[in-house]
Amino acid sequence: MEIISHLLDGFAVAGSPTNLMICLIGAFLGTVIGMLPGLGPINGVAILLPIAYAMKLPPESALILLAAVYSGCEFGGRISAILINVPGDAGAVMTTLDGYPMARKGLAGPALSISAVASFSGAIIATLGIVALAPILANWALAFGPAEYFALMVLALSCLGGLVGDSLLKAMVGVLIGLMISCVGIDANSGVYRYTFDLLHLSDGIPFIVVVIGLFAVSELMLMLQSHHGGAQAVEVTGRTMFNMKEFMLARWTILRSSVVGFFVGVLPGAGASIASAMTYSMERRMAGKDHCFGDGDVRGVAAPEAANNASAYGSLIPMLTLGVPGSGTTAVMIGALTLYNITPGPTLFQDQPVIVWGLIASLAISSVLLVLMNIPLVKVFVKFLQIPNWVLVPGVAAVSMVGVYAVHGTTFDLIVGTLLGGFGYLLRVMNFPMAPFILGFVLGDMMEQNLRRALSISNGEVSILFSSPISIGLWVAAIAMLVGPRLAKAFEARRNRLAQA
Amino acid sequence: MSERIFGIFLLLVSAAGIYIGWDLKAPISYEPVGPRAFPLLVFTLLGICSLGLMLSKRPATEWAPSPVLMRVGGMFLVVLAYALLFDKLGFVISTALMSVPLARLFGGNWKQSLIAGAGLGVVLFLLFDKLLDVVLPTGFWLKPLLG
């Protein structure tokens, strides 16, 4: 029962008055950030990370803050989805389908409260899943050598190519540009300056925060201006705020099922909250048979995506914690947070830094409890934040983003690089390039190169070491399957449709 | 069209990357794979993908109508100027200067925008620098005033 004692230690860390306070603040900020359209978990975590670092928070507190913000965002996204029909973050897209119709019918209160409970259930079930699964996976991953790691990272990147968006080519271009940016700076093994163009500021490479804030925060603001129109009117929350028994009984199995499915989808690298919520929504719709009003304000249509959304967000912490390989944009940013503190995520983390790992896991549970307690009674307070006009919000976000970049090195150079990357990111996003591959490529670049070189050093330059162990062969096969599989499935379906028509 | 242009741009970038990367050699080598192998691999793959972007047939990118693009471009320049002046003018003044045009772009009237600019500059400075201990540039003018 080692795990239970670890977990208790974790609760002792996360439950200290300071960390509890940090958790509360993070959960509140997270809800607001998640709710505001245009700001999501990636920007939220990316902007707060350097600030937490500059405030000299100890690593476990910083990570608890980020985890609380992360969970808060997943809770917050639903509020704007239900009230103004605009998803606050990508995971809440499906929530608009039934949430907004419910709000229009005067059922905004029940929609918000049942989705809060669904989010809570997703979060708790996924936390239990992490407790059960993560130590086992970490133990198993201890056997990984550099060759296996390299194959694993190729798998993580190819999952993105298989699952993100429609275009494999665009995802690959994204990954490669990310890898390219990661090559800039002094090479740790040989001391050779690579692609620094004799600029002193580039010798350590481009800092992670600069890339993330540029690509996500700055470009997001530019996109907001592009789609800016007067501002949407929120549906007012009137009538009862709680769901009734009948609504709960209708949704309870939906909530449980979606939580479990969402968790497992989240564990897969590359598949994130948006895929999990879309999957469970259509699954529940199909299972409901004839007796439903999905798309027209069905409670199950609000409960399913929200439970899945939170569960998958937590599930995606598993590859990050156990393997050190992030499966999503936000967890990539959290890896960046760990490296700022000189902590290398990966299987040894569970042995070397139990305080951090278990403190983080305990704080996930604590923040979900705080969030559900906060979200149901305080919903009217949160709604007030939706009324912040863009002419205050946007300059505010721009200023806070700059503060985040400035906090790293305090140089004008970083600020300019971040802004230029923002402009670049805007162009890419208009051309429909998915952004997660960039950041994953950038985060994984250094790790990939190091593991590749280490593996080849072991084998004295023999490339066959990359495919020599059963684990690495399995990972390569999985990587190829992830790239080819979805396309084959699509081709088969097209063929079947053609045959059916003929 | 824009994707093709981007493809050409990436092809040039990868060519330049390979050209520069070719000379990246360690003076003394301890390992079979030196500093240039990985970048060369990445740039080569990028070059192949950029050819794919140039040749593939896709629905054209939908750019926003040009008045909107002008505004977005204007916003980019404002943020760039903000980045340039952040350290020199200090946080309060540069933030106020950045906020006013941004607020105007996002539908605030002059009065609202001026209030937003002044308010954000002062409030965020107090919040970060004084309350949260995140050191912000004061600029050449505020330092003597703060003593």
Side-chain angles (χ1 to χ4, degrees), chain A residues 51 54-56 167 169-170 172-173 176-177 179-180 183 187 189-192 194-195 218 221-222 224-226 228 230-231 389-396 398-400 402-403 406-407 410-412 415-416 418-420 422-423 426-427 430-432 445 448-449 452-453 456-457 459-461, chain B residues 2-3 6 10 13 17 20-21 24-26 29-35 37-39 42-43 45-46 49-50 52-53 56 61 63-64 68 71-72 75-76 79-80 82-84 86-88 91 95 98-99 102-108 112-113 116-117 120 124 128 132-137:
Chain A
I51 293 169
M55 283 167 66
K56 301 184 186 63
S167 169
L169 188 63
K170 284 183 174 171
M172 276 176 65
V173 168
L176 288 168
I177 294 179
L179 291 174
M180 178 182 96
C183 287
D187 172 40
N189 295 24
S190 63
V192 171
R194 299 196 294 193
Y195 306 100
V218 177
L221 296 179
M222 293 168 75
M224 269 174 89
L225 180 58
Q226 183 180 319
H228 173 68
N390 275 343
W391 49 265
V392 178
L393 182 67
V394 172
V400 175
M402 284 292 171
V403 171
Y406 192 79
T411 59
T412 306
L415 297 174
I416 292 171
T419 312
L420 293 178
Y426 167 77
L427 295 178
V430 173
M431 288 192 278
N432 282 321
M448 265 182 105
E449 178 177 14
L452 179 65
R453 285 164 82 170
L456 292 174
S457 288
S459 71
N460 219 348
Chain B
S2 27
E3 273 182 29
F6 186 57
L10 282 184
V13 169
I20 298 171
L24 294 173
K25 284 185 197 126
S29 174
Y30 306 98
E31 44 178 9
V33 182
F38 190 74
V42 169
F43 280 111
L45 288 175
L46 187 65
C49 286
S50 61
L53 270 185
S56 69
T61 305
W63 294 92
V68 177
R71 288 155 62 92
V72 174
M75 174 174 174
F76 177 72
V79 178
L80 194 63
Y82 183 43
L84 280 165
F86 193 80
D87 199 52
K88 285 191 194 66
F91 180 80
T95 302
M98 173 276 298
S99 299
L102 242 57
R104 290 285 298 150
L105 280 173
F106 276 89
Q112 290 168 328
S113 306
L120 284 170
L124 290 177
F128 284 114
L132 296 178
D133 245 0
V134 177
V135 182
L136 293 178

Exercise. How far apart are the closest heavy atoms of B:D87 and A:T412, and which atoms are they?
Worked result: CB-OG1, 3.4 Å
Exercise. Just how far is it from atom CZ of B:R71 to atom CG of A:L225, taken to the nearest 0.5 Å?
Worked result: 5.5 Å
Problem set entry | Nearest-0.5 Å distance, CG of residue B:L46 to CG of residue A:L179 | 9.5 Å
Seminar exercise, completed: The ring pair (Phe, Tyr, Trp, His ring centres under 6.0 Å) partners of B:F38 (sequence neighbours excluded) come to none
Exercise. If you take all heavy atoms of A:L169 and B:C49, which pair is closest and at what distance?
Worked result: CD1-O, 3.9 Å
Exercise. Measuring heavy-atom distances to chain A, does B:V13 have an atom under 4.5 Å in its side chain, in its backbone, in both, or in neither?
Worked result: side chain
Exercise. Between A:I177, A:T411, A:L452, which has the largest tally of heavy atom pairs under 4.5 Å with chain B?
Worked result: A:I177
Problem set entry | Residue A:L456 versus chain B: region with a heavy atom under 4.5 Å | both
For this session: Please examine the side chains of B:P39 and A:E449, heavy atoms only from C-beta on, and report whether any two atoms are closer than 4.5 Å.
Result: yes
For this session: Only counting residues at least two apart or in another chain, list the ones meeting side chain to side chain donor-acceptor pair (under 3.5 Å) with B:S2.
Result: B:T61, B:W63
Seminar exercise, completed: In terms of heavy-atom pairs under 4.5 Å with chain B, the winner among A:S190, A:A399, A:C183, A:A54 is A:A399
Seminar exercise, completed: Of the listed B:T95, B:V135, B:L84, the one with the largest count of heavy-atom pairs under 4.5 Å with chain A is B:L84
For this session: Please report the closest heavy-atom contact between B:P137 and A:Y406, naming both atoms and the distance.
Result: CD-CE2, 3.3 Å
For this session: Below 4.5 Å from any heavy atom of chain A, which atoms of B:L45 appear? Answer side chain, backbone, both or neither.
Result: both
Problem set entry | Region of A:L393 that comes under 4.5 Å of a non-hydrogen atom in chain B | neither
Exercise. Under 3.5 Å, is there a donor-acceptor pair between the side chain of A:R194 and the main chain of B:P35?
Worked result: yes
Problem set entry | Test of ring centre spacing under 6.0 Å for A:Y426 and B:F76 | no
Exercise. Between A:V192 and chain B, which part of the residue has a heavy atom less than 4.5 Å away: side chain, backbone, both or neither?
Worked result: side chain
Problem set entry | chain A contact via B:L124 - side chain, backbone, both or neither, heavy atoms under 4.5 Å | side chain
Seminar exercise, completed: Between A:I51 and B:F128, the two heavy atoms sitting closest are CD1-CE2, 3.4 Å
Exercise. If you look at every heavy atom in B:L80 and A:L420, which pair is closest and at what distance?
Worked result: CD1-CD2, 4.1 Å
For this session: Look at A:N460, A:V392, A:V394, A:L427 and state which one has the largest set of heavy-atom pairs under 4.5 Å with chain B.
Result: A:V394
For this session: Would you give the length of the straight line joining atom CG of B:L136 to atom CE of A:M402, rounded to the nearest 0.5 angstrom?
Result: 13.0 Å
For this session: Decide yes or no for B:E3 and A:K170: does some side-chain heavy atom of the first lie under 4.5 Å from some side-chain heavy atom of the second?
Result: yes
Exercise. Which heavy atom in A:T419 sits nearest to a heavy atom in B:A83, and how many Å separate them?
Worked result: OG1-CB, 3.5 Å
Exercise. Any donor and acceptor pair, going by atom type alone, linking the side chain of A:Y195 with main-chain N or O of B:G17 inside 3.5 Å?
Worked result: yes
Problem set entry | Heavy-atom contact with chain A under 4.5 Å, split by part of B:V72 | both
Problem set entry | Spatial distance of atom CE (B:M75) from atom CE (A:M224) [nearest 0.5 Å] | 8.5 Å
